[in-house]
Every structure is written in structure tokens, then in C-alpha cells.
2 protein chains.
Amino acid sequence: MIRRLSQARERGIPEATVARLPLYLRALNGMSERGLATVSSEDLAVAAGVNSAKLRKDLSHLGSYGTRGVGYDVEYLIYQISRELGLTQDWAIAIIGVGNLGRALANYGGFVSRGFRVAALLDADPAVVGDRIAGLNVEHIDELEAVIRRRGVSIVVLATPAAAAQQVADRVIAAGITSILNFAPVVLSVPEGVDIRKVDLSIELQILAFHEQRKTDRMTGGAAMAEEWPEAVDL
Amino acid sequence: MIRRLSQARERGIPEATVARLPLYLRALNGMSERGLATVSSEDLAVAAGVNSAKLRKDLSHLGSYGTRGVGYDVEYLIYQISRELGLTQDWAIAIIGVGNLGRALANYGGFVSRGFRVAALLDADPAVVGDRIAGLNVEHIDELEAVIRRRGVSIVVLATPAAAAQQVADRVIAAGITSILNFAPVVLSVPEGVDIRKVDLSIELQILAFHEQRKTDRMTGGAAMAEEWPEAVDL
DNA sequence: GCCACTTTGTGCATCGGTTCACAAAGGTAC
DNA sequence: GTACCTTTGTGAACCGATGCACAAAGTGGC
């Protein structure tokens, strides 16, 4: 294996980098719209809310696309990041569970941005099956496997109630899906090779509450803690 | 400073641990409902989808609440984690932006779970101001400061269009809010001391797409890459 | 064609987080 | 009270990610 691309890129962009690429892409799109031709790591980093050394290291994992003394070509970098993320192809997604959240997701514009297309809506409730939402017919979950095959769905968004999520996930995976975005507040157990991303509103709020509490504790002196912890004053 | 609580706990639970506490809490609540009195780190870890050593280390940051040879008392641990996260108090949250997403969030049941209460809905669009959603009147954004004060809001959920988000965030922060959950696809710039959590559906999808692409690349041999990279065959 | 200036790409030190593996601590049986 | 069993709590090695700081590489002026 003499083949070594400029430095990295043979299997393995750090996960942390992958998570930031969409951020860079968004910032770059804004710059492209404003007509900028090139951008320095410093400017792009500020726009994406990260530090410029980190940005350069992230980009270096894709290859060497900058020009020293100048910066990065905006359009070229957009193309490279898009391709790396797989956004040059069209991804058909299915939303399962058409409650409040599923409905909102189906209608959410930013969802479809660049590369993604909601190709199917499914639900188990006969009362909503047949409804027309965001230009799509809601289909019955019994059709799951057929719909996935027919529409070429490769990413599934789970917006079912918590109680149904694991069961639906199992079926979806059995149907060959290996990428799931889960909104249901449960820990899904899935086989090796299946990627799950979780979005959990309640957890996010709890994390905020933790920090908010710390902040207000600090303001009120923090002395109250001792009262709550008589037995913890040890040694 | 002779005061050293059992080991940790004086300013500083690792951020990664804080992010997992809600997970443990949820698993514990399930166990409590099923009537379990105690649970071992191993069982709880499985339920929360983490490794047991990590779970024990996480819990050790709160104090020493387990009993060797036995495990953890479910109810006691629920109480301790709840208190640590600040869920023993009631948090009033305001949702700003009552589009598809804001509406879904307002109606989303899991949102209100334990400790959180949607106390206000605000929007800039006169067409929706006055609507009644999830038992609340939608108020005009001009009322922002008054509503925050009057209802004791301490956490704000931003569900506005991207273009408005920074401006609204600035106002919210000026009104004294220091905890924001942001659904708008923008990088908010905020002063020191303000906590932002970001939920970005589009980014999650892009990360999934990246991995999905890798998986299918691998299946098709990955040879196609060379064609796309004529100039990258270097040295 | 050379010099001064800019900005990338990266080696290296550092840090936070994860995992292993085991000693310490408690329970139970006899 | 002792011996054995279980499970916690944590020291220490490891791993990935971050950020500094600088050499390398390019541009533009003259």
C-alpha cells in the first residue's frame, strides 16, 4: 500500500470532526450567498463558532484544500465537504410516527436542506393513516418494508411514542436500514453496524437545569448545600 | 479547606457525566415503576446503555450512594440524581417561535416531564398571537421581558426562524435569561456565563449520511473513490 | 528574482474522558 | 466471629480531542 493521500483520509475522519463538518458547510453556504470567493481559517472558524486551529485540523483530515497565504476557496470547499458528508447524493428518509413531533418534522423546511428528502410518512394509528401531510400520504406501518424498498429509503426518523420505539426499530433494521435518528426517549438496543443518533429534548432541558441551578446556587452563596447534606460532612 | 466530601462534589461534575445523569434517571424511574428496590451498577448500566465502570464513576461524582455487595437503592438514587440535576424544583420555560416546531414542542408531553413546565408561548407574527395552543395563549414578542419576569421563566426554548434567532437571543439574554435551548440552525454568539444547548436536526441527518455513505462505499468495494480523486494520487 | 508578509498544515504537549482491574467494604451463612 | 461472596469505588493506563506554536508554502511588491 504505497498509496497515501496527502496525509490522512484513508478510512477515518475523527468523529468529532464529522460532527463539525455540517457547521462549516452551513457557514460556507452563507459566505457563498454573500459572494465571498475565499475565506481564511480564522474567518470561517469565527463563523462556525470554533477555534481556528481546530478548524484547520478538521479540514486537513479531508485533504489539503487550502492555499497558504490565501485561505480556502469557498465553492471548492463547499463541494469537498458536501461530498465527504455524502450530500452530493439524494437521501430518501422515512418518518415513522406522525404525532405532533412527526408532523412538525415533516413540515420542517430546514430538514430537507441539501440532499435530504422526506419520502414517506408512516403511522400505526388508523385515524391518521391516509392523512395528507406536507404533500405526502400517511401510510400504515404494516407497509413498512414495502415502502422502504419501493422508495429507496435509507435513513429512518423515529418519532413514535417511547413504548413503540424499540419494536419499530427492530422492524426497520430487519428491513435493512442501518441509520436511525431517534426522537423517542428510550435507549434503543441495536446490532453492531447500525448507527443511531438520538435527539432528546427532555435530556437537553435537564442539562440546562443542572447548570442553571449551579449558577443560582453560586449567587445565593451556596451555603444552602450544607443544610441538605448533614451526613456528607465527613472525615 | 479541610472540607472534602466523600471524594468529589465540590464544584465540578464532569460535563460528560452530567449529560448521562438524565439517562440514568430515566432508567431508574422505569425500575421504580416496576417495583425494584435496589439495582446493581451492572443492571443499571445495561438499562442506560453504558458500561458499568463508567456508571459507577459517574455516580461516584455525586457521592457514595451505593452499598458494596448490594447495589444502589432505587428511590434514594432517583432522589439524589433529581436533586443534583435541579429537578426537585419547578422550572418555567418559554417557547419562542410558534411555527411547526414550536407548536409541536408546546404539545409534546415528554417535554413537561418532571420539573419542567411550559409557562409561555411567544411569537412575532400577529397572525398567531392570541391563538390558544396546549392551553396557553400565544403572546406577542414585544411582551418578552414582561412575560419572563411575570412568569418566572428561567429557561428559553428558541424555535424561531434562523434569521431571527440571534436577535431574539440577544433580547432574551438582556432580560436576564442564562439558559437557552436553541432549535434554530445558527451558531448563536452569546456572552460568557450563558449556556446554550443546540438541537439541530439537519446536522444529525448529515452525520448519519456520512456514516451511511461509508457503509455503502465499503460494500461496493470503495474503488470508486480513486476515480473521483485523480489529483490526489500523490508523492 | 528576492524579500516581506500571510496563512496553512501539523508536531507536540495537554486535557478530559473511558476502561481495566483490584482493593475495600459490606452482606450472609454457619 | 470467621470465612466467603458480591459489588462498589477508584488508581492508573490508555485514548481521542484540543490548542499552541511554528515551519513550510504560497502571494504580492518592487
Side-chain angles (χ1 to χ4, degrees), chain A residues 4-21 23-24 28 31 36-74 76-77 80-81 207 231-232 234-235, chain B residues 4-21 23-24 28 31 36-74 76-77 80-81 207 231-232 234-235:
Chain A
R4 58 175 293 278
L5 309 186
S6 295
Q7 145 63 9
R9 182 114 222 313
E10 30 191 322
R11 292 309 95 178
I13 295 179
E15 195 52 38
T17 295
V18 172
R20 280 187 295 266
L21 290 179
L23 232 53
Y24 304 152
L28 284 164
M31 291 169 174
L36 276 106
T38 64
V39 63
S40 70
S41 64
E42 182 57 33
D43 291 352
L44 182 52
V46 168
V50 304
N51 136 342
S52 72
K54 179 148 56 179
L55 177 117
R56 287 198 300 277
K57 188 154 286 184
D58 282 343
L59 294 185
S60 79
H61 287 117
L62 316 190
S64 199
Y65 298 145
T67 310
R68 297 176 193 227
V70 178
Y72 300 88
D73 182 279
V74 172
Y76 187 56
L77 198 49
Q80 291 299 347
I81 295 179
I207 296 171
E231 83 281 17
D234 62 5
L235 297 205
Chain B
R4 60 175 292 278
L5 309 185
S6 295
Q7 145 63 8
R9 181 115 222 312
E10 31 190 320
R11 288 314 92 178
I13 295 179
E15 194 52 36
T17 296
V18 173
R20 280 186 297 266
L21 290 180
L23 232 53
Y24 304 151
L28 285 165
M31 291 169 172
L36 277 108
T38 64
V39 63
S40 70
S41 64
E42 182 57 34
D43 291 352
L44 183 51
V46 168
V50 304
N51 136 344
S52 72
K54 178 148 56 179
L55 176 117
R56 287 198 299 278
K57 187 151 284 185
D58 282 345
L59 294 185
S60 79
H61 286 118
L62 315 191
S64 198
Y65 298 145
T67 309
R68 297 177 192 225
V70 177
Y72 300 88
D73 181 280
V74 173
Y76 187 55
L77 197 50
Q80 292 299 347
I81 295 179
I207 295 171
E231 83 282 16
D234 61 7
L235 297 204

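Throughout, protein chains are lettered first and strands after them, A, B, ... in sequence-line order, and every chain is numbered starting at 1. Excluded from the calculations below are hydrogen atoms, water molecules and symmetry mates; all remaining heavy atoms, backbone and side chain alike, are included.
- Distance CG (L77(A)) to P (dT8(C)): 11 Å, rounded to an integer number of Å.
- Remark: N51(B), A53(B), K54(B), R56(B), K57(B) in residues 49-59 of chain B come within less than 4.0 Å of DNA chain C through at least one heavy atom.
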T17(A)/L59(A) under side chain to side chain contact (heavy atoms under 4.5 Å, CB included): CA gap, chis, key distance, verdict: CA-CA 8 Å; T17(A) 295; L59(A) 294 185; over 6 Å; no
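- From I81(B), atom CD1 reaches atom CG of L62(B) across 6.0 Å, with rounding to the nearest 0.5 Å.
- Look at CG on D73(B): it is 15 Å from C1' on dT7(D), rounded to the nearest Å.
- To the nearest angstrom, P of dG16(D) lies 12 Å from CD of E15(A).
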Under 4.0 Å protein heavy-atom contact, by nucleotide of nucleotides 23-30 of chain C - B base, S sugar-phosphate only: -BBBS---
List every contact pair, protein side and nucleotides 28-30 of chain D side both N or O, where the distance is under 3.5 Å.
none

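- A centroid separation of less than 6.0 Å is found between the aromatic rings of Y65(A) and Y76(A).
- In this view, S40(B) satisfies the side chain to side chain donor-acceptor pair (under 3.5 Å) rule with no residue, not counting sequence neighbours.
- Residues A45(B) and S52(B) approach most closely at CB-CA, 3.6 Å, considering heavy atoms.
- Contact check for V50(A) versus Y24(A): side-chain heavy atoms found under the 4.5 Å cut-off.
- Rounded to the nearest 0.5 angstrom, D58(B) CG and I13(B) CD1 are separated by 9.5 Å.
- In this structure, the separation between CG on L44(B) and CG on L55(B) is 4.5 Å, given to the nearest 0.5 Å.
- If you take CG on L28(A) and CG on L77(A), they are separated by 5.0 Å, rounding to the nearest 0.5 Å.
- Taking every heavy atom of residues 36-44 of chain B and every atom of DNA chain D, pairs under 4.0 Å involve S40(B), S41(B), by number.
- When all heavy atoms of M31(A) and V39(A) are compared, the closest pair comes out as SD-CG2, 3.7 Å.
- A distance of 10.5 Å separates CD1 in I207(A) from CZ in R20(B), rounded to the nearest 0.5 Å.
- Of all non-hydrogen atoms in Y72(B) and S41(B), the two that sit nearest each other are CE1-CB, 4.0 Å.
- For the pair Y65(B) and dT7(D), the criterion of a side-chain N or O lying under 4.0 Å from OP1 or OP2 is not met.
- Looking at residues two or more places apart in sequence or on another chain, you find a side-chain contact (heavy atoms from CB on, under 4.5 Å) between A53(A) and N51(A), R56(A).
- Spacing between atom NE2 of H61(B) and atom C1' of dG16(C) amounts to 11 Å, rounded to whole angstrom units.
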